[in-house]
Amino acid sequence: MSNPNAAGAEQVPAKTPSYAWPCLVVSLLAAVSIVFAWMWLPGLTFPVFKSWLAANNPLFADPSKFGLLSNVMGLVPIGALIMALPTTIIVRKFGAKVTTLIGMGISLVGTVLSALTVGANFYAFLVGRFILGLGLSTTIVAGPTCVSIWFPDSTRGRAMAIWSIWAPVGIFCSNFVNDGVYGAVGQNVGALQLVWAALILVVGVVFAIVFRGPREDERSQVSPERKPLKDVLKYFKSRQLWCLILMFAIFNYMNYAFSQYLKTWLQAPLQLGGFGWDAAVAGVVGGLICACGALAPIGGLILDKTPRDKKYLCVVTGIIGLTVCSALSFNASFFIPFVIFFCIGNMMLNACCRPLVPTFVYKGGQTAVAFGLSLLTLGQYAGQIATSYVMAPFNEGLTAASNVVINAKQAVIAAGGSAADFGPAIGKAIQDALASGGAMIDPMLAVIALVPIGIVGIIFSFGVRPSKKRAQAPAQEAQSE
């Protein structure tokens with residue numbers, strides 16, 4: 001019997017083209033560079049930013065205005081959500097490379113606007129955060145499209161898993177360096193953001209120089225052809241794809257909670273439900289934990305080696321791991337198992353979700369892959385939008401507990417004391433907080449917000465399983481289409 005894919009296979013390189021790897025690296029760096037502008041706040045921590053605003057922005061002379069802080073992280077995914085689908089049109093018109101550069105340009109504009117207005121006009125600052133979200137979404141839809149057109153089926157899982165470490169690597173680096181950079185720029189939040197704007201600019205220039213599309217003899221199964229969107233919609237009648245998108249939204253809803261609040265929790269006093277670490281240790285440990293998604297290449301290798309009809313189990317394993325992790329979250333007694341299950345979830349889901357999209361829609365070429373990734377990104381940021389608001393009750397207690405230490409130190413300094421006076425002052429402040437009961441971290445608020453949604457994600461993950469007909473006869477299905 002003839003192979004219905006033989007004709008197409010003749011045009012696919014037997015090995016990964018050597019220039020695919022530099023293209024992967026610069027595509028990855030493009031996304032990572034934007035993470036610093038996006039995630040500087042968790043790296044700096046909410047209490048530090050709150051104190052800075054109280055001292056530098058007149059709007060926050062009214063304490064009730066601190067309720068606006070949830071929008072600082074919430075508006076980025078809102079912008080990303082809005083831009084996810086339009087990015088497909090930009091890719092269709094200009095291609096993945098130009099679209100990536102457009103996304104970086106939008107991110108640069110949003111970051112500069114936020115930097116210039118954070119101390120004077122907080123509402124303009126929030127507009128800049130929204131614009132940053134537009135650019136972030138554009139870049140992370142176009143980025144894996146850049147990768148998919150270079151790598152054949154045999155290595156695409158690993159390649160896209162490597163690209164998928166953009167967020168965990170960026171978050172780790174952000175957690176690790178933001179305190180130092182903040183100090184280096186004179187503890188100025190505006191100047192801090194300008195540093196990250198400069199990074200986006202430099203990486204954008206490098207990407208523009210290094211990246212190119214594949215030549216005829218370098219193309220993967222995903223054609224760089226940019227078909228009209230209406231011609232590829234037939235590939236989106238897939239139960240597997242839509243279950244993957246919904247599960248991915250839940251994964252990001254859950255994961256965003258840890259990337260936002262983990263470092264603050266590690267710094268909060270032990271007596272108030274935190275871990276009691278100083279900022280430097282909390283930054284390194286919290287960053288390393290959040291960066292465990294950088295293990296995605298291992299997950300990508302597992303995905304590549306897993307039989308076609310069993311690949312969905314990689315997704316199931318990941319979301320179960322993250323759900324168990326959520327049940328153990330923000331509780332010092334369960335810290336080690338929490339970290340283990342968090343790493344399992346992130347390794348598998350960062351590795352598997354984006355690489356699976358081209359396997360469902362690759363016949364539609366670059367346009368179909370971009371549209372599929374747009375839908376996945378839509379799910380990603382829909383999940384992240386919800387996190388900042390649903391987790392607000394937990395964050396209130398977390399921030400209050402962290403502020404006990406910050407406020408005690410500030411009181412000592414205001415009274416003319418020295419660092420030697422911090423210990424007794426912090427101890428007294430903690431005892432006062434325990435007596436009042438108003439600054440305790442309640443991990444159950446996080447568990448209630450995360451675990452039931454994780455169970456729904458597990459159900460959707462089983463929907464990624466192929467039907468018996470699809471699993472047994474992919475060649476016949478391809479021929480019939």
Side-chain angles (χ1 to χ4, degrees), residues 39-55 57 59-78 118 122-123 125-126 129 175 189 252-277 279 282 286 290 326-332 334 338 383-411 426 429-453:
M39 297 297 290
W40 58 263
L41 176 52
L44 197 61
T45 74
F46 280 86
V48 171
F49 184 46
K50 186 176 180 180
S51 297
W52 188 90
L53 287 172
N57 191 312
L59 177 68
F60 294 94
D62 177 2
S64 68
K65 296 299 183 182
F66 283 111
L68 292 169
L69 287 183
S70 60
N71 295 300
V72 178
M73 296 302 294
L75 281 171
V76 177
I78 288 174
V118 64
F122 195 74
Y123 295 102
F125 163 78
L126 292 178
R129 295 291 288 175
N175 276 323
V189 172
N252 280 277
Y253 163 79
M254 299 167 74
N255 218 38
Y256 204 44
F258 302 117
S259 64
Q260 284 195 75
Y261 307 126
L262 185 60
K263 182 180 176 181
T264 304
W265 174 61
L266 293 174
Q267 290 180 242
L270 183 64
Q271 300 92 324
L272 301 180
F275 237 75
W277 291 346
C290 289
S326 298
L328 305 173
S329 62
F330 302 108
N331 190 323
F334 302 127
F338 158 77
Q384 290 184 5
I385 288 169
T387 305
S388 297
Y389 302 105
V390 177
M391 292 288 288
F394 170 77
N395 187 37
E396 287 176 7
L398 177 65
T399 301
S402 298
N403 278 338
V404 168
V405 174
I406 294 173
N407 293 339
K409 289 182 177 181
Q410 289 177 342
I426 291 171
I430 290 173
Q431 292 304 315
D432 291 343
L434 287 170
S436 67
M440 285 294 295
I441 298 170
D442 184 357
M444 283 306 299
L445 291 175
V447 171
I448 292 169
L450 297 173
V451 173
I453 305 302

Within this structure, what is the [atom1]-[atom2] distance for the pair [X] and [Y], rounded to the nearest 0.5 Å?
| X | Y | atom1 | atom2 | result |
| --- | --- | --- | --- | --- |
| Gln431 | Ile426 | CD | CD1 | 13.0 Å |
| Arg129 | Met73 | CZ | CE | 5.5 Å |
| Phe275 | Asn331 | CZ | CG | 9.5 Å |
| Ile453 | Leu450 | CD1 | CG | 8.5 Å |

Which heavy atom of [X] sits nearest a heavy atom of [Y], and at what distance?
| X | Y | value |
| --- | --- | --- |
| Phe338 | Ser329 | CD1-CA, 3.8 Å |
| Ile441 | Gly397 | CG1-O, 4.1 Å |
| Ser402 | Thr264 | OG-CG2, 3.1 Å |
| Val451 | Ser326 | CG2-C, 3.8 Å |
| Val447 | Pro452 | O-CD, 3.7 Å |
| Lys65 | Phe60 | O-CE2, 3.3 Å |

Is there side-chain contact between [X] and [Y], with heavy atoms separated by less than 4.5 Å?
| X | Y | answer |
| --- | --- | --- |
| Tyr256 | Pro77 | yes |
| Lys50 | Asn403 | yes |
| Asn57 | Phe125 | no |
| Val118 | Trp52 | yes |
| Leu69 | Leu53 | yes |

Practice item. Could you point out which residue of Phe330, Tyr389, Phe258, Trp265 forms a ring-ring contact (aromatic ring centres under 6.0 Å, His included) with Phe394? Key: Phe330

Revision key, fill the gap. Those residues at least two apart in sequence (or on a different chain) that pass ring pair (Phe, Tyr, Trp, His ring centres under 6.0 Å) with Phe49 are Trp40

Check your understanding: Under the 3.5 angstrom rule, does the side chain of Thr387 hit a backbone N or O of Tyr253 as a donor-acceptor pair?
Key -> yes

Review point. What residues, two or more places apart in sequence or in another chain, satisfy salt bridge (charged side-chain N to carboxylate O under 4.0 Å, His left out) together with Asp442?
Key: none

